[in-house]
2 protein chains.
Amino acid sequence: MTWRKRVERSLAGAVLLFAALGDPTRLTRLQRLSDGGPASISLLAERFRAMTRQGVRKHLHVLAAAGLINGSRQGREHVWALNPKRLAEGRRCLEVIASGWDDALARLKLHVEES
Amino acid sequence: MTWRKRVERSLAGAVLLFAALGDPTRLTRLQRLSDGGPASISLLAERFRAMTRQGVRKHLHVLAAAGLINGSRQGREHVWALNPKRLAEGRRCLEVIASGWDDALARLKLHVEES
DNA sequence: TCGTTGTGCAACTATTCAGTTGCGCGTCGC
DNA sequence: GCGACGCGCAACTGAATAGTTGCACAACGA
């Protein structure tokens, strides 16, 4: 795989991740998982009368597709758990962009001083 | 302002931020700004034939609304620059969620060992 | 002054998407 | 076995969104 292809693929992954995070329902459910530990769909949907269980289910699948949570069947329940590794990848991505900007500004400053 | 209101407001901000990042066009433009330094709209739209200048403009405004970039008029050009501070806020948010999860797991483990 | 360049505003369209509804199926408890 | 509970699948609908188009306007250069 070429270097450019690599970048494109990781970019697509980052887009998927941030898009999953960029929704109030999903972010609150993620926070609920974060400080409540693993939980089933119905559990995540209760105290959330604004939406059907099916609605919450769809959102959970978006989070799963982004790799932010992992699901597993336990009896008749579907239990979801956070995947902190993916969160770390998100942080890493933001770091890269920020540091790239710092470098660009440094180069720009250098260029101005030279001329 | 109540504590709960505070949380809700910061959550809304985080949602806005991640939603802005969760789009291929916006993320690539952000990366372009990151390692190319400040640039005007036309500059950001060129070599990007898949979209009109107006399309790119809208995306830039979404990024601006999320606080990720700052725009300023320079002559007849509108120049956009990255705001790394906002990127740091995003990282901070992800850290909070991840650490909350670690704590939850620790509590869970403790609870299991106790019983 | 005149052509060019960079931009902003507003309206339109087509597509996508969120969320609901209705159903059927496995699983647990009595 | 039988009811209740938790869940998955598929189809539908209204609403939001992305992107375009057409225009007008200010700034720069010759």
Side-chain angles (χ1 to χ4, degrees), chain A residues 11-12 14-33 36-82, chain B residues 8 11-33 36-82:
Chain A
L11 186 126
V15 165
L16 206 62
L17 191 149
F18 291 130
L21 291 170
D23 175 280
T25 300
R26 290 195 283 269
L27 202 54
T28 52
R29 291 309 93 187
L30 215 63
Q31 209 144 29
R32 161 68 181 77
L33 280 179
S40 69
I41 297 182
S42 305
L43 218 58
L44 290 168
E46 81 181 6
R47 293 188 180 273
F48 200 44
R49 326 197 83 192
M51 198 178 307
T52 316
R53 171 182 57 88
Q54 293 293 345
V56 174
R57 180 185 182 272
K58 280 196 179 178
H59 282 294
L60 289 175
H61 277 254
V62 173
L63 288 170
L68 280 164
I69 59 177
N70 297 320
S72 66
R73 220 48 217 258
Q74 288 184 17
R76 62 183 165 187
E77 292 186 340
H78 198 156
V79 177
W80 295 96
L82 198 68
Chain B
E8 281 171 7
L11 186 125
V15 164
L16 205 64
L17 190 149
F18 290 129
L21 291 170
D23 177 279
T25 300
R26 290 195 284 268
L27 201 53
T28 53
R29 291 310 95 186
L30 214 62
Q31 209 144 29
R32 160 70 180 75
L33 280 179
S40 69
I41 297 184
S42 306
L43 218 57
L44 290 169
E46 83 183 3
R47 293 186 181 272
F48 199 44
R49 328 196 81 192
M51 199 177 307
T52 318
R53 171 181 57 87
Q54 293 293 345
V56 175
R57 180 184 182 273
K58 280 196 178 180
H59 282 293
L60 290 174
H61 277 252
V62 172
L63 287 171
L68 279 164
I69 59 176
N70 298 320
S72 65
R73 210 67 207 255
Q74 289 185 17
R76 63 183 163 185
E77 292 187 342
H78 197 155
V79 177
W80 296 97
L82 198 67

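From a predicted model like this one, the values you see are computed outputs, not experimental measurements. Numbers restart at 1 for each chain; the letters A, B, ... are given by sequence-line order, proteins then strands.
A residue-by-residue look at Val56(A) and Leu43(B) shows that Leu43(B) has its nearest nucleotide of DNA chain C further toward the 5' end. When each of Lys58(B) and Arg73(B) is assigned the nucleotide of DNA chain C with its nearest heavy atom, Arg73(B) is the one assigned upstream, toward the 5' end. When each of Arg53(B) and Gln74(B) is assigned the nucleotide of DNA chain D bearing its nearest heavy atom, the one mapping closer to the 5' terminus is Arg53(B).
At the phosphate of dG8(D), OP1 or OP2 sits under 4.0 Å from a side-chain N or O atom of His78(A). Taking side-chain N and O atoms only, Ser42(A) has no distance below 4.0 Å to OP1 or OP2 of dC5(D). Between Arg57(A) and the phosphate of dG8(D), there is a side-chain N or O to OP1/OP2 separation shorter than 4.0 Å. Taking side-chain N and O atoms only, Thr52(A) has a distance below 4.0 Å to OP1 or OP2 of dT20(C). The side chain of His59(B) places an N or O atom within less than 4.0 Å of a non-bridging phosphate oxygen (OP1 or OP2) of dG19(D).
At least one side-chain heavy atom of Gln31(B) sits under 4.5 Å from a side-chain heavy atom of Leu11(A). By the 4.5 Å heavy-atom criterion applied to side chains, Leu30(A) and Ile69(A) are counted as neighbours.
Contact annotation: side chain of Glu77(B) to base of dC28(D), donor-acceptor pair absent below 3.5 Å. On a pure distance criterion of 3.5 Å, a polar donor-acceptor pair joins the side chain of Arg76(B) and the base of dT5(C).
No engagement by Ala45(B) is indicated, since no non-hydrogen atom pair under 4.0 Å with the nucleic acid exists. Contacts of Gly55(A) with the nucleic acid, taken as non-hydrogen atoms under 4.0 Å apart, include base atoms.
Atom CD in Glu46(A) sits roughly 13 Å away from atom P in dC5(D) (whole-Å rounding). Ile41(A) places its CD1 atom 17 Å from the P atom of dC5(D), with the value rounded to the nearest Å. What separates CD of Gln54(A) from C1' of dC25(C) is a distance of 13 Å, to the nearest Å. For the pair Asp23(A) CG and dA15(D) P, the computed distance is 19 Å after rounding to whole Å.
Under the 3.5 Å distance criterion, the side-chain polar atoms of Arg29(A) are matched with a main-chain donor or acceptor of Leu44(A). Looking at Arg57(B), its side chain never comes within 3.5 Å of a backbone N or O of Thr52(B) through a donor-acceptor pair.
In this structure, CG on Asn70(A) lies 8.5 Å from CG on Leu82(A), to the nearest 0.5 angstrom.
Among dG19(D), dA18(C), dG22(D), the nucleotide with an atom closest to any side-chain atom of Met51(B) is dG19(D).
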